[in-house]
Amino acid sequence: MNSQTIYSKFKEIAVKYQDAPAIIEDDRMLTYAQLDQLVNSIMAKFYDMKPNYVGIVMHHGAEQIAAMLAVLKYGAAYVPAEPTLPQERIDYMMQTAGVKLIITDNYCRHIELPTKEMPDRSRPDSVAYVLYTSGTTGKPKGVVVENHSVVNYAQAFESEFHTGPGDIMLQYSVCSFDIFVEEVFTSLLNGAAICIPSVAIHNGSLTGLMKFVERHNVTILDGFPYLVAEINKLPKIPSSIKLIISGGDVIRGSYITNLRGRGIKIYNTYGPSETTVCSNYYRVDNVEPLDDGTFPIGKAVNGVRVKILDKNLKEVPQGEIGEICIFGEGVSRGYLGNPPEQKNFVTMNDGTRMYRSGDLGYEMPDGNIAFLHRRDEQVMILGKRVEPEEVENVLNNCPGIERGIVRAFLDENGLHYLVAYFVADKSCTLHKIHEWLASKLTDFMIPEFFVKMKRIPLTHRGKVDMEALPVVMKEGDAI
C-alpha cells in the first residue's frame, strides 16, 4: 500500500512549488501556497464538528477544490454532487453516505485565516471519496475509494505522461465522475495547474471553450470520446495542447482523423470507478485502429494488474475472450451498504482483492488488451455509465405508468441510446413522464425516445419479447 495520502502528497508539492500556479480561472490565479492556505481556512471552520463524510455541493472553482482537500486533510471523505442534480438524488446520496455536513458555495464565503496550521489527520487507508454510479436496484450506488489508491494513480499518471510544473490541465468534467478525479489530483499531486472555465464557458460552444484553452495555454485535455470527436472537426485547435486523454467509452479511429500528425499525443484509457479512474492506457495517435474501427485499451498502469479470466476465475490463453479483471492498488474498498454488485469484488485464495469489471476482452499477441463489450446490460451514454434497469425502475414508479421497459440500442456510429416503452393511463402525458424522470435522474439517463404501447409483448414464458418491440432507429449524428 502506498504510504502517502492525497493531502500529504499535495502538501509536499505545495512546499516544493509554493509560488507555482495551482488553480487558474479567467479572473484569478491561486498559487500552491495560496491554495493550501485556503484549504487550512476551510478545514478550521468545520474542525470541531468531527465529520466522517462531508458533502461537496458546489460550483466548480478554487473553493470547490480547496473544500475537497480540506475534507481529505481532516481525515474524512468527501461526497461530491453537482448543484444542478435533482434535489431528490442529492438527498439520497448524502443520506446513504451518512453526511452530516454539506459544504456549499455560501459556506466558503467570508472564510477567515486560522491562527495556526491545522493538523493533517489523513491516513493512506482512510476513505478519500464516494462516487455514486448507476445501480441495478433503481438507486445509485456509492463507490468507496481510499487515499492510497488515488496517490498510486497520480504516480502512475506521471510515470506515463510525465506531467509536472508548466503543464496545465483543463478541468471540464463534472465532479461525480472519475475524469474529475484524474483532472484534479493527477495535476495537484504532480505540480501541474488546473484551469477551470466559468459556467458560461463550460456550457457554451466548443469554440468558446477552445478560446479559453488558448487564452490560458492549456496543455492537457481529458474527456469523453465525444469531446475528442468534436475537437477533431475543428479547422484549428490551440497550439498549446500537447496531450489529449480519452476515457469513459470506446474511442474510434474516425474520432481522431484530423488530430493525427499535429504533434499531439492521444491516449485511450480504460477503467471502472471501482478501480480508481483507470487501469489501462494505450496511445492511439501513432497506430492504426483494429478491424472494427476501435483501439485496444492497452496495458495495466503502474501498481495495477489486469487479467482476462473465465467464469471460474481462471486465466484464459492469449487471444481467447474472457472477463477483464483488475487487481492491485486501484481496487477500491467496494460499495456503501451491501448492494448486489458487491459480489464483483472478490478476495482470492492468496488474499489479494480483485474487481470483476463485467467487460469482455482478450489479450493480443503484443500483450495489449482489446475491449469487446459488456457482459451484462450496462451501457455508456455520452461516456457515462448507465444501468437501463435503474432507469426502468424509476419509470415504473411514475404515476400513471402501468408498465415500463427501457432498452438500449446502438446508432450508426456504434453509440448507445435509450428507448422507453410504456403502457399508461390517459392522464399520463409525456410531459409528466419527463418531469418525473428529470426529478430523479441525471439528464443523460433520460431516454431519448418514448413509445406508448397498448401492451408490452411477452414470450410464452412471460418475459419481455425483445424481438417484438419496435426499434426506434437513430442516425449516427452525435459525432
Side-chain angles (χ1 to χ4, degrees), residues 4 6-7 9-26 28-36 39 60-62 64-66 68-69 150-173 175 177-197 201-202 209-224 227-228 231 237-248 256 259 262-269 276-278 281-286 301-303:
Q4 286 188 289
I6 296 172
Y7 179 76
K9 182 62 179 175
F10 165 76
K11 182 67 174 181
E12 177 186 298
I13 295 295
V15 170
K16 188 174 182 180
Y17 303 111
Q18 55 185 311
D19 295 325
I23 306 286
I24 299 170
E25 299 173 7
D26 254 343
R28 65 172 174 168
M29 185 274 287
L30 267 66
T31 65
Y32 269 90
Q34 290 169 331
L35 178 58
D36 192 32
V39 169
H60 292 223
Q64 180 203 40
I65 305 301
M68 291 174 174
L69 285 166
V150 180
V151 175
N152 177 79
Y153 185 69
Q155 292 173 340
F157 188 93
E158 191 281 330
S159 177
E160 180 70 33
F161 302 118
H162 309 295
T163 50
D167 281 311
I168 301 175
M169 170 83 81
L170 179 68
Q171 199 288 284
Y172 186 72
S173 174
C175 64
F177 293 118
D178 273 344
I179 293 177
F180 179 93
V181 175
E182 184 166 71
E183 290 169 342
V184 172
F185 294 123
T186 65
S187 300
L188 295 181
L189 303 194
N190 289 317
I194 308 166
C195 197
I196 308 176
I201 292 174
H202 185 282
L209 181 66
M210 289 299 103
K211 287 181 179 178
F212 176 83
V213 166
E214 190 165 31
R215 188 158 61 245
H216 296 292
N217 295 310
V218 169
T219 60
I220 307 172
L221 300 183
D222 194 353
F224 297 118
L227 177 63
V228 178
I231 294 171
I237 64 171
S239 59
S240 61
I241 298 173
K242 305 300 181 189
L243 173 64
I244 295 177
I245 301 169
S246 174
I256 61 170
L259 290 172
R262 297 194 184 191
I264 302 171
K265 292 182 179 179
I266 307 173
Y267 274 77
N268 183 29
T269 64
T276 316
V277 189
C278 292
Y281 292 152
Y282 186 77
R283 186 176 172 185
V284 300
D285 62 281
N286 57 353
V301 306
N302 287 356

Those residues that, when tested against [X], pass side chain to side chain donor-acceptor pair (under 3.5 Å) (two or more places apart):
X    : result
Q155 : N2
Y267 : E160
D178 : S273
D26  : R215, H216

Exercise: identify the closest heavy-atom pair between [X] and [Y]:
X    : Y    : result
A66  : V39  : O-CG2, 3.7 Å
V301 : C278 : CG2-O, 4.0 Å
N302 : S159 : ND2-OG, 3.1 Å
I23  : E25  : CG2-OE2, 4.0 Å
M29  : I24  : CG-CG1, 4.0 Å

Give the table of side-chain donor-acceptor pairs shorter than 3.5 Å for residues 179-193, with sequence neighbours excluded, one pair per line with atom names and distance.
from, atom 1, to, atom 2, distance (Å)
E182, OE2, Y153, OH, 2.3
E183, OE1, Q171, NE2, 2.7
E183, OE1, Y172, N, 3.2
E183, OE1, S173, N, 3.3
E183, OE2, Y172, N, 3.1
E183, OE2, S173, N, 3.2
T186, OG1, E182, O, 2.4
S187, OG, E183, O, 2.7
N190, ND2, A154, O, 3.1
N190, ND2, T186, O, 2.8

Derivation of the side chain to side chain donor-acceptor pair (under 3.5 Å) call for T31 and D19: CA-CA 5 Å; T31 65; D19 295 325; 5.3 Å; no
Worked check of side chain to side chain contact (heavy atoms under 4.5 Å, CB included) between L243 and D167: CA-CA 10 Å; L243 173 64; D167 281 311; over 6 Å; no
Flag, side chain of S240 to backbone of T219, donor-acceptor distance under 3.5 Å: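 No, the answer is negative, given that no donor and acceptor are paired below the 3.5 Å cut-off.
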Any donor-acceptor pair under 3.5 Å from S246 side chain to N268 backbone: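 Such a contact is absent between S246 side chain and N268 backbone.
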Rounded to the nearest 0.5 Å, how far does [atom2] of [Y] lie from [atom1] of [X]?
X    : Y    : atom1 : atom2 : value
K265 : I220 : NZ    : CD1   : 11.0 Å
I231 : I266 : CD1   : CD1   : 9.5 Å
F157 : N152 : CZ    : CG    : 13.5 Å
L209 : L170 : CG    : CG    : 5.5 Å
C195 : L221 : SG    : CG    : 10.5 Å
E158 : T163 : CD    : OG1   : 5.5 Å

Those residues that, when tested against K11, pass salt bridge (charged side-chain N to carboxylate O under 4.0 Å, His left out) (two or more places apart):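 Expected list: D36, E117.
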Basic-acidic side-chain contact under 4.0 Å: E12, K9: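 The answer is yes: the pair qualifies as a salt bridge.
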Evaluation steps, side chain to side chain contact (heavy atoms under 4.5 Å, CB included), between L259 and I237: CA-CA 9 Å; L259 290 172; I237 64 171; 3.8 Å; yes
